[in-house]
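Reading through the structure tokens given below for one structure.
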Amino acid sequence: MTHARNLTFAHLWVAFIAFTIALVLGVWQMWARSPLPAPFLTASTYFSSVTAHGTATAYVLTTFMVMGFGYYVAETALARPLPAPRWAWIAFALGVAGTLMAVVTILTGRAAVLFTFYPPLIASVFYYLGLVLVVAASWIWCVLMLIAMGQWKRANPGRPVPLAMFATVANAVMWLWTTVGVAAELLFQVIPAALGLKAEMDVGLSRTLFSWTLYAIVYFWLIPSYIAFYTMVPQAAGGRLYSDTMGRLTFVLFLLYSLPVGLHHLLMDPQQSNAFKFLQVALTALVSVPTLLTVFTIGASLEIAGRLRGGRGLFGWIAALPWERPMVLATGLAFLMLGLGGFGGLINMSYGMNAMVHNTSWVTAHFHLIFGGTVVIMYFAIAYAIWPTLTGRAAPSLALQRLQLWLWFIGMLVMTLPWHTLGLLGQWRRVATFNYADPIIAAWGPWVIVSLIGGVILLASGLLFVYNLLEFNVAREPNAEAPGALYATAVHPPARVPATLNGFRLWNALVLVLMVLAYGYPLAQFFIIKSPEALVHRVDERR
Amino acid sequence: MSDEPDPRDRPWRLWASVAILSVFAFSVLFGFVLLPVIQGRGAGLDAWTSICRALGIAPGSPAAPQPTSDAKAQPTTRVAWSAGLMEALARPSAAGATLASGCAACHGRDGRSVDTKLYPDLAGQSAAAIYKQLYDFKQGSRANPVMSAMAQPLTEEQMVALSAHFASFPVRAIAPVDLAAPGEAIERLVARGDPARGIPACNACHGDQSGGPVEAPRLTHQGTQYLAAQLRAFKSAERHNDIYSRMRSVAAALSDGEIDGLAAFYSITLAY
Amino acid sequence: MAIAEEGIVRSELRWAAISIGVVSVIMLAIIYAGLVHHINPPSNIETIDPKTLHLTGEFTEPNLGTRVAADGQITSRIVATQFTFVPRCIVLPANRPVTLRFATPDVIHGILVTGTNVNTMIVPGYVSQVHTVFTRTGDLLMPCHEYCGLGHSEMSATVRVVPPGDFKPDSQGGVSCDAR
Amino acid sequence: MATGPSDQDLERVMREVPRGAFALAALTTGLLLAGWLLVYFLIFLPRGMVS
């Protein structure tokens, strides 16, 4: 570990600071929309808070976590120093500058457009430029990962790239593909409007371009957690990875199927046709295959560990697993939340059935369970696993780490379970104050308070997490393991992997074919039928 | 990449392409052909029409007849917004200044009303708001003995120049007025509206950084009596040039006390 | 190593086949809903200029709300604007096919009707359209469920579903909430 | 994270392995599909046809 130690440390701290701020805002928002009167509540403060909550979690926490963990993997899995560390620090600086620019713009109330932008509502140009800087930083990271893998492959001709690095580069390739959508929307539509160069916008086109990014971005967040599932959990449980080849295939399937499916975010939009919605729903159905493969492969890997520790019978191995180890506990909780969140996702994606839940709390429950639950709890587990390497000290208290993970799981369930019923009852999204005088809405009040309690538990867990990380600094015993020891070995360490599973040339070609077929006409239609444009509505100017 | 094409790779390439193309064939068969045709038959649509509708080449659902409407337009205002108009309104011009002399008698040379009880301040007002009211006076969507006559001879360009001109002035400083503070209920209406009556916060449209409708005027720095008179005109629908009765539906839900309270609030508020 | 690598890959592929099987059941159910119940998402590629929506015939203020056409087709036209629906209350008959048509003169809105599958985004530049049959009577809530500005939380309307017998259009075929 | 499992232990374990994970995965996937079908028939279809 040469350059990556400080890089990963810096990136992860920026991620977890943004995370803590977002957590506090999230709980305040739950309080604001509950029947209990909340302080500082106006429409402007609420929607600025929702923008900050979304930006901090979806853009800052995730991008910095992916970059930081990527540097760690690049150096420990490839066992060679990072190429061009100077560029890594330049990217870090760009990312932090962009984050500050966006946060300051939101705090001055000039960016109440939510993190998914709602053109023709247009915020101050500095909010968008901030996000462009964060994305630019992540692009530099992608190039560094590709160079690192290229150098390693030249130094080890014919040998398979370590799975952790292969997955990290798959994530980088997917991210380069998917940011094309939001970058096009920002550079050609939103920023020109924010600069006052254009007074109207094609809203159908901007929503379609954003949908190009909006689905694969969740896999950009998810893949570090899946890297932990495949490479750290089997080792932590004392077993072996069941199949390395299938692990590679899963990450390739994510790259392939997370991109041409964005229209399932626009199923209820008038400007996209039934036919292309159906096509992308069929492709979305295939996205659940790699996840189900992962459930089986990691299940088998844990079964090896459980049986090695004396687990008997069909399910005896589950009880025999070392649940006292945070990485193993986090994985169990993560899969439970993935199951619940995945169930919500199956309903969301089902073509006409989406009408039942679109823009209701059901969808909010879905992505809080999968992103807020599965992904973030594995971010905790990854942090706990690599902090000894970064600080050179052994973990002070596993009990506190386990408590924190349990609190996060319980808080997430208490918060999101009521949202499922509320969503089916019709509770719609992004509401600052509900009209609890209306009989239909009044019935929701108690449930909103229950989910507020869940939010408070999550806040307690988040603060405990930061405390656990800080406690490493006062711990005394030096860290025992070497960094490379974290990665699992497969039952059959792959001596030879087919070229297709060692590089991305074939998969890039297939992604191109998929994107042209799935997004070709849906994007071209805005240039074929001259769709009328909407006047820009600025949220940053004096009336 | 340095890997030479290994024979073992061929099955992976083969299987990957076959899997993807078969999904496409399935989706195209059902999504583009079978579903629309069978649904169309139920709604009496021929196969070609329903497939075009499913593909998004023709409007309408493949499963239902497309309703038509022969209603004639009876708009409450004839203003036609466009990007060009918005850009023109953002550029003050010399022509506006010369024309503005005709308005000085009531609105003041620099847009500061000579009598805030009767005539609104135009200094620093939104150019789109001034333009729309001028346009409505000229077209008759809004009637006022003085303003209808003043607006009649104006051309489109003159109205744009005048609006841009007055909008370019800084807002007038608030004259010290001994008005009682409007109270917490009024401030709640301004900041949070009243969900029970479906009244959005006034500042959702009229506040700074609100992103509300383009023609929503700034309310601060206006005379209390003038604001109250306009709200009452909307409440009685005597004034009805608001697009899709936005202001009429809000004013109808306000009590007289609230109308006076809101007028007082905005007339003594520096910036909101 | 005696453990056959092919055994592992075969078990994974068997599991992959089961996963695809499960997902295919879901796709078949979707196709069943499409073929038998004619269920589609609310797509409608019908462009209309938001900037001059108030000057159009169909979405002119007097033409909004529920109207029964000469051929008996029941259509309700609603404009979603910052921060109200026009009209704020519409009447529709139960157990008869109805069409709801939405348009916006300014920003993105969206609607859902509680307890039903009626749900659509309302995007400036397009007319949103939902064909449905209401089975339950009563006052259903129709909020704007997409962020449209600071007044989004207060933007809501009512859909009053009445038994077919109580649905009596006036001379021009219109039916409004307060008239009943 | 003691030293890895010995080859004999691994061989003994691998004779049984994917059965437990297969059963667990099949159970959860079955539950998911059953849940989806329940929501489909009991909530979605009764809410009315929309096209």
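Convention: sequence-line order gives letters A, B, ...; per-chain numbering from 1.
Heavy atoms of A:I441 lying under 4.5 Å from chain C belong exclusively to its side chain. Residue C:V130: no heavy atom, backbone or side chain, is found under 4.5 Å from chain A. For C:D106, the parts sitting under 4.5 Å from any heavy atom of chain A are the backbone and the side chain alike. Neither the backbone nor the side chain of A:T116 comes within contact range of chain C; no heavy atom of the residue lies under 4.5 Å from a heavy atom of that chain. Only the backbone of A:Q272 comes within contact range of chain C, judged by heavy atoms closer than 4.5 Å. Looking at A:V295, neither its backbone nor its side chain comes within 4.5 Å of chain C, counting heavy atoms on both sides. Residue contact with chain C, scored on non-hydrogen atoms closer than 4.5 Å, involves the backbone and the side chain of A:H358 alike. At a 4.5 Å heavy-atom cutoff, the contact between C:E154 and chain A is made by side-chain atoms alone. In this structure, chain A has no heavy atom under 4.5 Å from any part of C:I18. Heavy-atom distances place both the backbone and the side chain of A:T297 under 4.5 Å from chain C. Using a 4.5 Å cut-off between heavy atoms, A:L346 contacts chain C through its side chain alone, with no backbone atom that close. A:R33 does not touch chain C: none of its heavy atoms, backbone or side chain, sits under 4.5 Å away. Of the atoms belonging to A:T433, heavy atoms from both backbone and side chain fall under 4.5 Å from chain C. Heavy atoms of A:F117 lying under 4.5 Å from chain C are absent altogether. With a 4.5 Å cut-off on non-hydrogen atoms, A:D269 touches chain C through its backbone and its side chain both.
Under the 4.5 Å side-chain criterion, counting only non-hydrogen atoms from C-beta, A:F296 is not in contact with C:S19. Side-chain contact between A:V281 and C:I30: present, with at least one pair of heavy atoms (C-beta onward) separated by less than 4.5 Å. In this structure the side chain of A:M246 reaches within 4.5 angstrom of the side chain of C:L13, judged on heavy atoms. Between C:W15 and A:L293, some side-chain heavy-atom pair lies under the 4.5 Å cut-off. Within the 4.5 Å cutoff, no side-chain heavy atoms of C:S153 are placed close to those of A:F434. With contacts defined as side-chain heavy-atom distances shorter than 4.5 Å, the pair C:N119/A:M356 does not qualify. Using a 4.5 Å cut-off on side-chain heavy atoms (C-beta onward), A:F278 and C:I31 make contact. For the pair C:C148/A:Y118, no side-chain contact is recorded, criterion being any heavy-atom separation below 4.5 Å from C-beta on.
Rounding to the nearest 0.5 Å places CG of C:L150 at 7.5 Å from OG of A:S48.
One side chain, C:S11 or A:Y242, offers a donor N or O that lies under 3.5 Å from an acceptor on the other.
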Might you work through the salt bridge (Lys or Arg N to Asp or Glu O under 4.0 Å) test for C:K51 and A:E200, ending with a clear yes or no? CA-CA 10 Å; C:K51 305 187 284 300; A:E200 56 182 0; 3.2 Å; yes
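Heavy atoms only, all atoms of each residue included: A:P270 and C:V123 are closest at CD-CG2, 3.8 Å. Annotation for A:A534 and C:P124: closest pair CB-CB, 3.7 Å, computed over non-hydrogen atoms.
Of the listed residues C:V107, C:T120, C:I20, the one with more heavy-atom pairs under 4.5 angstrom with chain A than any other is C:V107. Interface remark: of the candidates A:A285, A:P290, A:G352, A:A285 forms the most heavy-atom pairs closer than 4.5 Å to chain C.
A salt bridge is defined here as a Lys NZ or Arg NE, NH1 or NH2 lying under 4.0 Å from an Asp or Glu carboxylate O, and C:E146 with A:R430 meets this definition.
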